[in-house]
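For reference, the structure is listed below as C-alpha cells.
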Amino acid sequence: MKPIYFDNNATTPVANEVIEEMLPYLRDYYGNPSSMHTFGGQLHRKLEEARAKVAALINAEPEEIIFTSCGTESDNTAIMSAVESYPQKRHIITSRVEHPAVLNFCKHLSRKGFRITYLPVDKLGRLDMDVFLKAIDDDTAIVSIMYANNETGVIFPIREIGEVLRNRGILFHTDAVQAVGKIPINVKELPVDMLSLSGHKLHAPKGVGALYVRKGTRFYPYIIGGHQEFGRRAGTENVASIIGLGKACELAGQYLEVEIDYLKKLRDRLEDALLQLCPDTQVNGDRENRLPNTTNISFKFVEGEAILLRLDDYGICASSGSACTSGSLEPSHVLRAMGVPFNAIHGSIRFSLSRYNTLEEVDKVIELMPEIIRDLRMLSPYGKESLKC
Ligand code: PLP
C-alpha cells in the first residue's frame, strides 16, 4: 500500500526525474572525477554542472558551493570553520530551537571551553531580537541561526540578523536545510556568510548536502584529506547523489512559485479542518510566518506517539516532535523553548507536505483524525475531560 506520506520535513521521496538523472552514474559512469583518464575525468564536468544548478537555486556563484555528505556535516563545518578561522574568539550565538546538528555541536564545543549563548524564542517560536543584540560581543566568532524551524516551520528574521552583524567581523551561518526548495532564497540579497542545505529534504537522495560559503569568507575545512572541492572538503565525491542534488535543485527552482500556493492550500485545509473538528487543539508556531508545507498541531490530553501509531495503521506517516528525537520520550526541545504547556507538548503532531501530496490524501486524514483523537481520549485519564471531539 502506498503510504500517505505527510512527513516531508523528516525526508522526502526522491523525484523520478532525479532518479533518472542519477542512474547512469551509478551503473555505467562509475569513474573517479579526479582521474586523469577521460572515463573518470568526464565526471568532473557533471559535478560542475550540478554545482551550477545548486548555486542557481539560491542565486549563489557556483564556486561558492561546497558539496558535503548531509545537512549535519554542512552545519558542523560552518561552525568549526568559524572557530578555526578566528582562534582568538571563543563565543558562539545560536538559538534554543536549532536542530541537534547545530545544538549538539555547540554543546560539544562548550565542553572544549567555548561560551555558547542559546537565544530564547517567544510562545510563537519567534526569536527574541533584544536578547540577540545584547548577546553580541567582541569575542563572538559566529552566529548560527536556522532559516526555518523543522518542527514548527517558523521562519526566522535572517535578513535582520545579518544586517546587525554586517561589518562587525562576526560570521553568520544559517541552517537552511528546511527552507531551501520550499521558499525563495537569494543569497545576493541576504547578508549571510554561510548557508547549509540537504538533498533529502528536497527530493534528492539522502547522504548529500551542500554548504554555501560567500566569496571572501575565511574558511577552514572540516574533513581533511585530498584536494577535492578545491581543498575545502576532502573525500571522493558522491558523484551520482551530487548529480541528483543538482537535478532536484533545478526542479525546485522550476516548481517553487506554484508549489508554495499548492502546499499552503493543502496545509491550511488540513489545519483548519482539524482545529474545527477536534476540540482542545492548538497550532504551535507563528501561523503568519511559516513554511508553506508545515503544521504542528497539539491534540491536548493524548500522547503524540499513540496518535502516530493509530495513523500508522492506516498507512499515514507523520511525526511527533523531530524525527531525530522520536524514539525517545523526551518532549520536543522546540516546543519546550516556546513554553507550550505540558499537556499540549505531549500530543503534538507535525504534518509536513510535499508537491507529491494530494487533496484526496488531506481529506482522508481529515476524515480519520477526529475519530482517532476521540478514541484515544476515551482511553486517557486526562482525555475524559475532553470528549466532545
Ligand atoms: N538542520 C535541520 C533544520 C534539519 O531539519 C535537519 C534534518 O532533519 C538537519 C539539519 C540535518 O540534515 P541531514 O539529515 O541531512 O544531516
Side-chain angles (χ1 to χ4, degrees), residues 8-12 54 57-58 60 64-83 92-109 116-119 121 125-127 132 141-162 165 170-185 187 190-202 204 206 208-214 217 219 222 233 245 249 285 289-291 293-294 322-325 332-334 337 350 352:
N8 288 278
N9 286 7
T11 196
T12 56
V54 175
L57 182 60
I58 57 170
E64 294 175 316
I65 301 296
I66 302 172
F67 290 119
T68 64
S69 68
C70 58
T72 302
E73 185 192 321
S74 301
D75 288 344
N76 285 202
T77 302
I79 297 168
M80 202 60 200
S81 170
V83 301
I92 297 166
I93 300 177
T94 187
S95 84
R96 287 193 198 160
V97 296
E98 299 297 312
H99 188 272
V102 168
L103 272 186
N104 287 342
F105 197 69
C106 286
K107 273 190 206 152
H108 165 73
L109 290 177
I116 318 284
T117 301
Y118 298 96
L119 300 174
V121 293
R126 297 173 304 193
L127 204 68
F132 165 60
I142 184 167
V143 174
S144 180
I145 301 290
M146 65 198 334
Y147 206 114
N149 186 269
N150 43 307
E151 295 191 33
T152 59
V154 171
I155 297 172
F156 288 86
I158 297 304
R159 178 184 306 279
E160 255 178 280
I161 297 170
L165 295 174
I170 300 172
L171 291 179
F172 182 28
H173 163 250
T174 184
D175 172 351
V177 162
Q178 291 293 345
V180 172
K182 291 181 185 145
I183 51 175
I185 294 181
V187 291
L190 201 66
V192 298
D193 300 302
M194 292 182 273
L195 176 148
S196 302
L197 63 97
S198 172
H200 74 110
K201 310 290 184 181
L202 72 156
K206 296 161 191 62
V208 63
L211 179 67
Y212 157 80
V213 181
R214 185 181 295 282
T217 304
F219 183 80
Y222 187 47
R233 197 276 186 185
L245 176 61
C249 287
N289 193 21
R290 280 184 297 173
L291 295 173
N293 76 321
T294 308
S322 134
C324 313
T325 52
S332 148
H333 70 284
V334 175
R350 178 188 69 188
S352 49

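Both backbone and side-chain heavy atoms feed into the values below; hydrogens, waters and symmetry mates do not.
- A distance-only check finds a donor-acceptor pair linking the side chain of Q178 to the backbone of N9 [under 3.5 Å].
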side-chain hydrogen bond (donor to acceptor under 3.5 Å, both in side chains), that's the test. Do S144 and E98 meet it? Break it down for me. CA-CA 9 Å; S144 180; E98 299 297 312; 4.8 Å; no
Check against side-chain contact (heavy atoms from CB on, under 4.5 Å), Y222 and T68: CA-CA 10 Å; Y222 187 47; T68 64; over 6 Å; no
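- With rounding to the nearest 0.5 angstrom, the CG atom of N76 is 12.0 Å from the OG atom of S81.
- Checked by atom type and distance alone, the side chain of T12 pairs as donor or acceptor with a backbone atom of H200 at under 3.5 Å.
- The side-chain heavy atoms of N293 and K182, taken from C-beta on, include a pair separated by under 4.5 Å.
- Residue F172 is tested with I158, T217, I93, I142 for a side chain to side chain contact (heavy atoms under 4.5 Å, CB included); the sole match is I158.
- F156 has its side chain out of reach of D175: every pair of non-hydrogen atoms, C-beta onward, lies at least 4.5 Å apart.
- Residues R290 and T152 are not in side-chain contact: their nearest non-hydrogen atoms beyond the backbone lie 4.5 Å or more apart.
- Rounding to the nearest 0.5 Å places CG of L190 at 10.0 Å from CD1 of I161.
- Contact of the I66 side chain with the F219 side chain is registered, since non-hydrogen atoms from C-beta on lie closer than 4.5 Å.
- Remark: Y212 OH to I185 CD1 distance equals 11.5 Å, nearest 0.5 Å.
- Judged purely by atom type and a 3.5 angstrom limit, N289 has no side-chain atom pairing as donor or acceptor with the backbone of V154.
- At distances below 3.5 Å, not a single donor-acceptor pair connects side-chain atoms of K201 with backbone N or O atoms of L197.
- No side-chain heavy atom of I116 sits under 4.5 Å from any side-chain heavy atom of K107.
- In this structure, D193 contributes its side chain and H173 its backbone to no donor-acceptor pair below 3.5 Å.
- To the nearest 0.5 Å, the span separating CG on L165 from CD1 on I170 amounts to 5.5 Å.
- The backbone N or O of V121 lies less than 3.5 Å from no partner atom in the side chain of R96, so there is not a single donor-acceptor pair.
- For S95 (side chain) and Y118 (main-chain N/O), no donor-acceptor pair under 3.5 Å exists by modelled atom type.
- Distance alone, capped at 3.5 Å, is enough to place a donor-acceptor pair between the S74 side chain and the A210 backbone.
- When atom types are taken as modelled, the side chain of S198 and the backbone of V177 share no donor-acceptor pair closer than 3.5 angstrom.
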Please test I145 against F132 for side-chain contact (heavy atoms from CB on, under 4.5 Å), starting from the C-alpha separation and ending with a verdict. CA-CA 11 Å; I145 301 290; F132 165 60; 5.8 Å; no
